[in-house]
Q: 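Starting off with a structure, shown below.
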Amino acid sequence: MNTFTKKRMRLMGMIRKESLQILRDPSSIAIAFVLPVILLLLFGYGVSLDAKGVRLATVVEQPDTNTTSLIGSFQQSEYFVPIVYNSIQEAEEALRSLKVDGIVWLRNDFSNRLLSRNNAPIGVYVNGVDANQARITEGYIQGVWQNWLLNYTHDQGQDLKIPVLLEPRIWFNAAVNSRYFLVPGLIAVIMTLIGAMLTSMVVAREWERGTMEALMVTPIHIREIVIGKLVPYFILGMGGMFLSVAMAVWLFDVPLRGSFWALTAASALFMMVALGMGLLISIVAKSQFVAGQVSIIVTFLPAFILSGFIFQISSMPDAIQFITHVIPARYFVAILQTLFLAGNIWPVILSNAAALLIMMFIFLGLVKRKARKQLD
Amino acid sequence: MKTLRRIIALAIKELLAILKDKQSRFILIGPPIAQLMVFGYAATFDLNHIPVAIYNEDHSQPSRDLIAKITGSPHFELVDYIEHDEQITPLIDTKKTLIVLHLGSSFSSDLKRNQPTKVQAIIDGRNSNTALLTLGYLRTIITDFNLGWAKQNGLPGPPASLQIRPWFNENLVSRWFVVPGIVGLLSLVITTIVTGLSVAREREAGTFDQLLVTPLRPFEVLIGKSIPGILIGLTEGSFILLMAVYWFEIPLRGSIGALYLGMFLFLLSATGIGLMISSLAVTQQQGILGAFLFLVPSVILSGFATPIANMPEFIQHLTYINPLRYFLIILRGVFLEGDSYTLLVDQYWPMSIIAIVTLSIAGWLFRHRLS
């Protein structure tokens, strides 16, 4: 037998051993296939930034046709659930005790000032605790107000002369459906978790049980051990990835405008990075206990908060933006959001893929070095 | 008396087991502090330096005034001037700019003739939340410009206008919302990793059976095992709380006692869930998996980043078993709304029930493990 066949036999043996181990303990298979489905189902439906059903207290101190038509505009809007209050005191009490999310208050001189074109004030209070939702709610209120104003002046036989009219064109997601960007981002977060979970305890377990030493005394090369551990988990992880993409497209109706093959290639690259990170944790930590704790800390929350999946990276302070460069999910989120919504924008895809490639080499290189060191 | 002594002895042993090991001691102290600092600054929905490209075909004074208003705002940052339609697509596609503002050649002539003039804003909608917020900032600036223009030229303003006043967070600072949430987030993570493996590890090592044959009764073991999680959670929670108030300068308007009652009940329920997972697990790997499986949905479906009110009804019902949901309401209520005990009762009792149920199950599982 020449050395090449020997090498191949050793590698195949290693892969077979790992695969058998996976099959014997089905929890890995559950992690790869069942977990992404459950998580994506829960989060795909559960995570949304589109405010709807905003409970709005309406206080009209002197009802007449004008106030009725304005309040009617709020009733017709799909974003609001108006609730009538008789006095501003009651409405404020309701806002304070979180029974409503906002108040629209028309004082008793509203119609008089409206008729004399004396800039009649519409008092609006919103609960600002969740600043993001408050801003979105304000936007909806402004939309209702502007439409009502156009209709009102039109009915009066006048033209509403607004000097500059803003005409927004929102590309890639004209309906501004937050699910379209949240679902691809969720795939990146979920896959980070799964990649790390699959591998983070693998080597730590072997160290703890002493089977690693047993492996070391065989002629097998360290590189072969690493590849042998990666291959089966890679296949499992990619299976989970395809399931997630299928769900995004067919269940959540997120348009996939870019190439499927580019998506597959980017996913494979990302999976290698995630698995490499898990293996590294597993090798550096001396016990399963520590490996498990570390993988929880370094994967989930950073991928959730620092990947640009939900919080815009360009708005973070410079130092924090710098830190986000070491979060692999950051690059994958950018690739996924672009491939799903914008299409094959190669400059975006390739630059992020290059970053993932570099991270892969760093992680796998570190895995190799650390694994050798541990032997001494 | 004996019971108390035994519990204290076990609690001390548990604490030592966690704090004695250098690596695991570091995990409990280093990452939470680092994460608080990083997330405290990173997790904000407020936008600043939104890259904007200007496509001005008008070149008149009023158009330059409007553009100066936009580029002068802290929310926007000018990245490019463009001259042709074809330049728009590549700029947006490659994310060099988030928004292209297009002023047509008739901008100033329309304005001067008193005709409404249109300004087109092309926005990258890949992140629709960012797109909506950008649009909001832009609207505010343009409304302001319109008022100024009307005043300057003696035109009538609109017959009615909005006077919007946010409550509790008057300047709509996103950080005021997020940082109190991080207090809950990090104390949940710490408690879960402290308790999630505590039984599984001893089971694997075989020392748990030894523990059960000592005079310690199961409920004593349960209390002894709960104390470290709660103590460590309270310590780190208090530290993060101090940082939120003194470093991030989030106003703390309500009752601190009400906040601590909430934190205690929250840690109790998180400990219960952690110990339950830990005693269900046969191996440490399963323990970690369980901890992950509990943590991830608890955080994402807690209202930390996306509101519970936006979720479908079924998932909203599901969040009632999530202790973090209640604690976040308490945190934000006490911090920003100035809440005290009475307003928070509805958050206290569900966490107490979760704690009682999970702790009882954990205690029962100590002896009756499913094999």
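Naming convention: chains lettered A, B, ... in sequence-line order (proteins, then strands); numbering from 1 in each chain. Note: hydrogens, waters and symmetry copies are ignored here, and every other heavy atom, side chains too, is used.
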Q: Going from CE on B:Met311 to CG on A:Leu42, what distance comes out if it is rounded to the nearest 0.5 angstrom?
A: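 It comes to 10.0 Å.
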Q: Between B:Phe304 and chain A, which part of the residue has a heavy atom less than 4.5 Å away: side chain, backbone, both or neither?
A: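 Only the side chain of B:Phe304 comes within 4.5 Å of chain A.
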Q: State, yes or no, whether a side-chain contact exists between A:Glu92 and B:Trp167 at a heavy-atom distance under 4.5 Å.
A: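 Yes, close enough: below the 4.5 Å cut-off.
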Q: If we only count heavy atoms from C-beta on, is the B:Phe177 to A:Asn132 side-chain gap below 4.5 Å?
A: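 They are not in contact (no side-chain heavy atoms under 4.5 Å apart), so the answer is no.
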Q: Check whether any side-chain N or O of B:Gln35 sits under 3.5 Å from a backbone N or O of A:Ile297 as a donor-acceptor pair, and report yes or no.
A: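 Checked: pair present.
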Q: Find out whether B:Pro166 and A:Val126 are in side-chain contact, i.e. whether some heavy atom of one side chain is under 4.5 Å from a heavy atom of the other.
A: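 Counting from C-beta outward, B:Pro166 and A:Val126 do come under 4.5 Å.
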Q: Are side-chain heavy atoms of A:Glu138 and B:Leu162 found at a separation under 4.5 Å?
A: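 Not touching, per the 4.5 Å side-chain cut-off.
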Q: Step through it carefully: locate the ring centre of A:Phe311, locate the ring centre of B:Phe45, and say whether they are under 6.0 Å apart.
A: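 Yes, the ring centres sit under 6.0 Å apart.
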Q: Against chain A, label B:Asp46 side chain, backbone, both or neither, depending on which of its atoms sit under 4.5 Å from a heavy atom there.
A: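 Both backbone and side chain.
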Q: Name the option with the most non-hydrogen atom pairs under 4.5 Å to chain A; the candidates are B:Lys118, B:Gln316, B:Arg201, B:Arg332.
A: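 Looking at each of B:Lys118, B:Gln316, B:Arg201, B:Arg332 in turn, B:Arg201 comes out on top.
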Q: Show the numbers, then the answer: is there a side chain to side chain contact (heavy atoms under 4.5 Å, CB included) between A:Leu165 and B:Thr117?
A: CA-CA 6 Å; A:Leu165 276 178; B:Thr117 182; over 6 Å; no
Q: Does any N or O in the side chain of B:Thr306 come within less than 3.5 Å of the main-chain N or O of A:Leu49, such that one atom is a donor and the other an acceptor?
A: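 No; zero donor-acceptor contacts below 3.5 Å.
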Q: Any donor-acceptor pair under 3.5 Å linking the side chain of B:Arg165 with the backbone of A:Val124?
A: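 Answer holds: no.
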Q: For A:Ile345, does its backbone N or O pair with a side-chain atom of B:Asp93 as donor and acceptor, under 3.5 Å?
A: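 Flag not set: sc B:Asp93 to bb A:Ile345 has no pair under 3.5 Å.
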Q: Where is the tightest heavy-atom contact between B:Ile92 and A:Trp171, given as atom of each residue plus distance?
A: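 Closest approach of B:Ile92 to A:Trp171, heavy atoms only: CG2-CE3, 3.8 Å.
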Q: Please look at B:Leu155 and chain A and tell me whether the side chain, the backbone, both or neither of the residue comes under 4.5 angstrom of a heavy atom of that chain.
A: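 Answer is neither: B:Leu155 stays 4.5 Å or more from chain A.
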Q: Counting only non-hydrogen atoms closer than 4.5 Å, does B:Leu172 touch chain A with its backbone (N, CA, C, O), its side chain (CB onward), both, or neither?
A: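 Both parts, backbone and side chain.
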Q: Please classify the contact between B:Leu185 and chain A as side chain, backbone, both or neither, with a heavy-atom cut-off of under 4.5 Å.
A: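 Contact with chain A: side chain only.
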Q: Any donor-acceptor pair under 3.5 Å linking the side-chain atoms of B:Ser161 with those of A:Asn119?
A: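 Yes, a side-chain donor-acceptor pair sits under 3.5 Å.
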